[in-house]
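Here the structure comes first, spelled out in structure tokens, and everything after it is commentary.
A note on names: the letters A, B, ... follow the listed sequences, proteins ahead of strands, and every chain is numbered from 1.
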2 protein chains.
Amino acid sequence: MLNYSTSEENYIKAIFHLQRQDGTVTTNELANELKTKPASVTDMMKKLKVKKLLNYQPYQGFRLTNDGNKVALGIIRRHRLWEYFLAEKLKFSWDEVHEVAEDLEHVSNKKLIDKLDEYLGFPRTDPHGDPIPDANGKIEISKKICLTEMTLNTIAIVSSVSDQSSEILELLEHKKIAIGTRLEVKKKFDFDNSMEVKIGRQPAFTISKQLAENIFVLSN
Amino acid sequence: MLNYSTSEENYIKAIFHLQRQDGTVTTNELANELKTKPASVTDMMKKLKVKKLLNYQPYQGFRLTNDGNKVALGIIRRHRLWEYFLAEKLKFSWDEVHEVAEDLEHVSNKKLIDKLDEYLGFPRTDPHGDPIPDANGKIEISKKICLTEMTLNTIAIVSSVSDQSSEILELLEHKKIAIGTRLEVKKKFDFDNSMEVKIGRQPAFTISKQLAENIFVLSN
DNA sequence: ATATTTTTTTAGATTTGTCTAAAATTATTT
DNA sequence: AAATAATTTTAGACAAATCTAAAAAAATAT
């Protein structure tokens, strides 16, 4: 597999993530995500198209080709394995790992990553609960849904939090919600879209609409 | 401490290493070391001079300033800690770690490196026996000498090997010489500059001039 | 001490990734 | 459907790092 520059990798990764939400990605979306200018995005899109990582017709938005997706999964694999390493071995806290992994992910030595994977015991998810692609780029697609969409009285496991500000982390800590926590939604209130949830046998407590919208769970 | 580009770091590190041997470094030396052209070296020297990392007058060669040396020691610290990690934790072999560490060393997050140091148990030397600078940039300067310079009948510890080809590693393995091995030189032969050495109580064996010149030891 | 060779620097070009400002295209209003 | 607004692309510029070819300086040899 070929090598790509740090800049190219950042674009590829951003497109991959934005693709998840909508089908196609626009110039402005990507410029915003990468804190760059639309003109720079267009320049890079042309380059990635030449490299056959991207389907792109001017003014039409873009999406990764199969090859592009493979490259993206490689980058995400590196990122998430390093996040796991930082949290598990170096005892970085949950909210610190992402930034450091942003740099480490660009060291693209296959043997390094495969040995790291082995050393870590082939973890299936990173500290945010997001799945780690395996050495072949396969990723577990467990239907991740927002807490707001959960069926009443079923149990689901908290797998990720979209916002990662210290404010939300403070609140989650206070409510004793973490990655891996088993949650059961007991009631939903239409008035303010708040909900009552339970952890194990403890008494139910309230989660606001704003918080619920940022919590994602793996449902069975 | 400021941040430097990968390219700047590679120049700084190379100057630091070449300085050890001679006092000052020349344009051609550096171009050769970095596999680049003399013109490129001159360009970079001007830039590093502006940043006050280098003392440089045209045609006069160059050496790092105190600030430049501090930067170099930071890079070397990162490089050697990663080498230790790769060998010790990921089970890379001795001769594979350098190349991978060349990439990892440019991730310059102080907290990452200090936590890595702690995780590894504050190792004093890398897998080649070279000392690892501490978080303040202090480095153990144990008088490292070539095996050829050793006084007869004294014991010294193998600390590094300058050549790291697979050929020399094969030979070292056969002779059971590794980093940390305690060696005692029993005889030196002027005819071919070969020498007889002993490991512990085992019978003495012969080391050729070529091999001896590539083995470095820490003498007391 | 002058000529020749080697080393180093300069001048100008190239590539990558970025930017601003203007033009082109698409989307939205009225 | 024409006017306006928003988005996207193009054109041209710039900084970083590199290169080649030529000029300048230093080292070496005759």
Residue B/Thr26, side-chain heavy atoms: nucleotide from D/dA11, C/dT8, D/dT20 that is nearest: C/dT8

For atom NZ of B/Lys35 and atom C1' of D/dC19, their distance in whole Å: 18 Å

Nearest to side-chain heavy atoms of A/Lys37, which nucleotide of C/dC19, C/dT7, C/dT9: C/dC19

Salt-bridge contact A/Glu9-A/Arg78 (side-chain N to carboxylate O under 4.0 Å): yes

Side-chain donor-acceptor contact under 3.5 Å, B/Ser108 with B/Asn3: yes

d(CD, A/Gln57; P, C/dA24) in whole Å: 20 Å

Sugar-phosphate, base or nothing in reach of A/Phe62, heavy atoms under 4.0 Å: nothing

Interatomic distance where CG belongs to B/Leu30 and C1' belongs to D/dT18 [whole Å]: 14 Å

Touch class at under 4.0 angstrom, heavy-atom based, for A/Pro38 against every strand present: base

Under 4.0 angstrom between B/Tyr56 side-chain N/O and C/dT9 OP1 or OP2: yes

N or O in side chain of A/Thr42 less than 4.0 angstrom from D/dT9 OP1/OP2: yes

Candidate nucleotides C/dT18, C/dC19, D/dT18, ranked by approach to the side chain of A/Ser7 - the nearest: C/dT18

Spacing of B/Lys46 atom NZ relative to C/dA11 atom C1', expressed in whole Å: 10 Å

Polar contact flag, side-chain donor to acceptor under 3.5 angstrom, B/Thr65-B/Asn55: no

B/Tyr59, nearest nucleotide to its side chain (from D/dT18, D/dA24, D/dC19): D/dA24

Pairwise 5' ranking along DNA chain C for A/Thr36 and B/Gly61, keeping only the more 5' one: B/Gly61

Given D/dA11, C/dT7, D/dT8, the nucleotide with the shortest approach to the side chain of A/Ala39: D/dA11

Main-chain N/O of A/Pro38 paired to A/Thr42 side chain as donor or acceptor, under 3.5 Å: yes

Whole-Å gap separating P (D/dC19) and CG (B/Leu34): 10 Å

Rounded distance (Å) that lies between atom P of D/dA24 and atom CD of B/Gln60: 19 Å

Protein-nucleotide distance (B/Glu8, atom CD; D/dA16, atom P), rounded to Å: 9 Å

Length of the CG-C1' vector between A/Asp43 and C/dT15, whole Å: 13 Å

N-O pairing of B/Lys37 and B/Asp43 below 4.0 Å: no

Contact under 4.0 Å: B/Thr27 side-chain N or O vs C/dT9 OP1/OP2: yes

Heavy-atom side-chain contact between A/Tyr11 and A/Leu48 under 4.5 Å: yes

Under 4.0 angstrom between B/Tyr11 side-chain N/O and D/dT18 OP1 or OP2: yes

Contact under 4.0 Å: A/Asn28 side-chain N or O vs D/dA6 OP1/OP2: no

Given D/dT18, D/dT9, C/dT18, the nucleotide with the shortest approach to the side chain of B/Ser40: D/dT18

